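The model shown is predicted, which means the values in this text are computed figures rather than measured ones. The basis for the numbers below is simple: all heavy atoms, side chains too, and nothing from hydrogens, waters or symmetry mates.
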2 protein chains.
Amino acid sequence: MTDMDAYERLIKTFTPRDDLSSDDIALLRSMPLRIATYGKGEEIIAQDSEVSESCLMMTGWTGRAVYLESGKRQITALHIAGDFVDLHGFTLKYMDHSVVALTATQVAFVRHDELKKITHVSPHLTRLFWMLTTIDGAVQRTTIASLGRRPALERLGHLLCELDCRLSVVGLAQDHRYDVPLVQEELADILGLSVVHMNRTIQDLRKAGLVTWQGSRIVIHDFGKLTQFSGFDPRYLNFIKRER
Amino acid sequence: MTDMDAYERLIKTFTPRDDLSSDDIALLRSMPLRIATYGKGEEIIAQDSEVSESCLMMTGWTGRAVYLESGKRQITALHIAGDFVDLHGFTLKYMDHSVVALTATQVAFVRHDELKKITHVSPHLTRLFWMLTTIDGAVQRTTIASLGRRPALERLGHLLCELDCRLSVVGLAQDHRYDVPLVQEELADILGLSVVHMNRTIQDLRKAGLVTWQGSRIVIHDFGKLTQFSGFDPRYLNFIKRER
DNA sequence: GGCCCCTTATAACCTATGTTATTTGTGATC
DNA sequence: GATCACAAATAACATAGGTTATAAGGGGCC
């Protein structure tokens with residue numbers, strides 16, 4: 001995954017879901033991109049701001065954070081290489097959340113007027129970009145189900161299954177082994193738990209023998225078992241080729 | 001709101017967010033629609049099914065339900081007149097949730113090949129349909145934040161604020177009064193609570209003097225106060241005209 | 001090697017919410 | 001107007017998860 005340029009990255013986000021024609025690819029490659037880097041903890045997009053470009057992840061991890069009046073925050077989504085963090089900004093313009101770099105991060109910004117151009121010249125690519133936002137919605141629905149109805153341990157298990165799938169597709173996980181460069185406080189903000197309970201839940205997962213988790217390194221011992229335990233069904237990730 | 005035809009309904013969903021040209025309107029009106037009705041409790045779309053049309057709400061209330069292996073269910077979204085329940089099905093094809101009629105319901109189905117046609121002839125309408133799915137995503141993010149970080153009472157307050165806004169726009173709420181034709185078990189499935197605690201929370205809301213709630217009738221006494229109490233900020237609903 | 005800061009871990013205690021069961025209310029039906 | 005069925009309400013009890021505080025690891029830096 002080293003040295004992949006931003007266009008390759010984008011193409012590889014589409015191809016697990018649909019085939020691209022050479023015209024599609026040429027069109028994608030004609031879009032100007034602005035590469036930017038951020039340090040760990042930096043805010044990439046501010047909550048309540050208006051946006052005119054959207055950002056594709058190249059390397060690193062980012063999260064969408066919602067800050068509540070109470071001072072609490074919820075991370076509503078996690079993003080890794082190949083994810084469009086805020087493509088919804090193209091049709092919404094208004095950002096109801098911030099985007100924060102959870103690690104050092106490299107991203108590629110696409111201007112909205114370029115995306116608009118695509119809606120004028122390529123219905124197919126338009127539908128594919130659109131699809132990325134609806135897959136995002138599917139992930140969010142799954143998160144809602146987890147937060148609303150799954151106890152902490154299953155919730156964590158489900159997250160690990162999802163990350164395994166997503167990281168595998170971009171080559172960042174092999175044999176159900178991968179790195180999660182997040183501190184427990186960030187995980188707590190993702191799973192809607194307190195830090196203390198987040199810690200307890202990780203211990204419980206270890207005790208259950210389902211994973212080895214040392215530092216940022218995670219090894220899932222029996223993926224099928226974890227999948228079953230946490231009610232994970234990968235279909236919502238839409239990693240399947242279809243005519244779109 | 002009586003006697004509104006499905007095209008009017010659809011147009012009124014767009015116009016709070018952007019202006020439609022007469023061409024746009026003509027094009028919308030050229031789409032064939034299939035009207036269907038469902039009784040309370042009927043399943044309109046099955047979880048894990050493949051779809052080739054999407055459904056616009058005319059009357060009644062529906063919900064997106066996710067059924068977990070544990071037997072629990074989470075309702076991830078609520079839909080009223082003017083909402084496209086499963087427009088994301090156009091780009092996803094696969095339904096990660098079911099759609100269930102929570103009251104007697106009338107809907108209008110649009111075939112996906114018609115929507116596809118629109119992506120070929122009207123970039124503007126395409127972006128507007130796309131926008132509906134991204135607004136849906138914004139609502140989902142807010143739900144995630146509520147489930148993850150708000151206690152039951154605020155969660156309920158937030159939901160009532162959202163419903164107030166959405167129902168007002170389609171003429172189903174006036175002066176912060178409206179009907180919620182849902183039983184407490186359904187509300188519990190929306191807010192991620194048990195039925196018993198749902199009941200307690202409603203009582204608490206009454207005791208706090210924030211609303212009157214008799215049968216299905218809800219009266220919000222001081223909307224500003226409820227808004228503040230529950231951390232509600234309507235901007236995520238995107239009821240604002242913008243060039244899209 | 002020692003110090004500092006951040007993170008993880010542990011402990012004790014508290015509370016919001018869940019569970020199971022029973023009672024009360026209410027609207028539909030005969 | 002009695003009965004039935006379902007929803008709302010209440011009660012007693014159990015527990016997952018929150019809170020506050022402190023301790024233990026671990027890596028960078030002088």
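- Distance from the side chain of A:S194 is smallest for D:dT19 among the nucleotides D:dT19, C:dG18, D:dA9.
- Closest-nucleotide positions on DNA chain D for A:L193 and B:K207 were compared, and the one nearer the 5' end corresponds to B:K207.
- As a whole-Å value, the separation of B:R217 CZ from C:dT26 P is 19 Å.
- Within the nucleic acid shown, B:I202 has no heavy atom closer than 4.0 Å to any nucleic acid atom.
- Counting any heavy atom pair closer than 4.0 Å across all strands shown, B:V196 reaches a base atom.
- Using bins of under 30°, 30° to 60° and over 60° for the plane-to-plane angle, the ring pair A:Y38/A:F109 lands in the perpendicular bin.
- Among the atoms of the strands shown, none is found under 4.0 Å from any heavy atom of A:G215.
- Counting to the nearest Å, the P atom of D:dA16 and the CZ atom of A:R149 are 16 Å from each other.
- No donor-acceptor contact under 3.5 angstrom links the side chains of A:T105 and A:T62, judged on distance only.
- When distances are taken from the side chain of B:A152 to each of C:dT17, D:dG18, D:dA9, the shortest belongs to C:dT17.
- When the nucleotides C:dG18, C:dT10, D:dA9 are ranked by their closest atom to the side chain of B:R206, D:dA9 comes out on top.
- A:T212 and A:H221 share a donor-acceptor pair across their side chains, judged by distance under 3.5 Å alone.
- The nucleotide whose nearest atom lies closest to any side-chain atom of B:Q184 is, among D:dG17, C:dT17, D:dA8, D:dA8.
- Note: CD (B:E185) to P (D:dA8) measures 9 Å, nearest angstrom.
- Distance NZ (A:K72) to C1' (D:dT19): 11 Å, rounded to an integer number of Å.
- Nearest-nucleotide mapping onto DNA chain C: of A:V195 and B:T201, the residue sitting toward the 5' end is A:V195.
- Between B:H197 atom NE2 and C:dT15 atom C1' the separation is 10 Å, expressed in whole Å.
- Residue B:N199 has its side chain nearest to D:dT10 when only D:dT10, C:dT17, D:dG18 are considered.
- Between the CG atom of B:D204 and the C1' atom of C:dT15 there is a distance of 14 Å, given to the nearest Å.
- Here side chain to side chain donor-acceptor pair (under 3.5 Å) pairs that include residues 151-160 of chain A, with residues two or more places apart or in two chains, are A:R150-A:H158.
- In the model, B:Q140 has a side-chain atom that pairs as donor or acceptor with a side-chain atom of B:R64 under 3.5 Å.
- Separating the CZ atom of A:R200 from the C1' atom of C:dA11 is a distance of 10 Å, rounded to the nearest angstrom.
- Atoms CH2 (B:W213) and C1' (D:dA7) sit 14 Å apart, rounded to a whole Å.
- The phosphate of D:dT10 (OP1 or OP2) has a side-chain N or O of B:Q203 nearer than 4.0 angstrom.
- When distances run from any side-chain atom of B:V183 to the nucleotides C:dT17, D:dA8, C:dT10, the shortest one goes to D:dA8.
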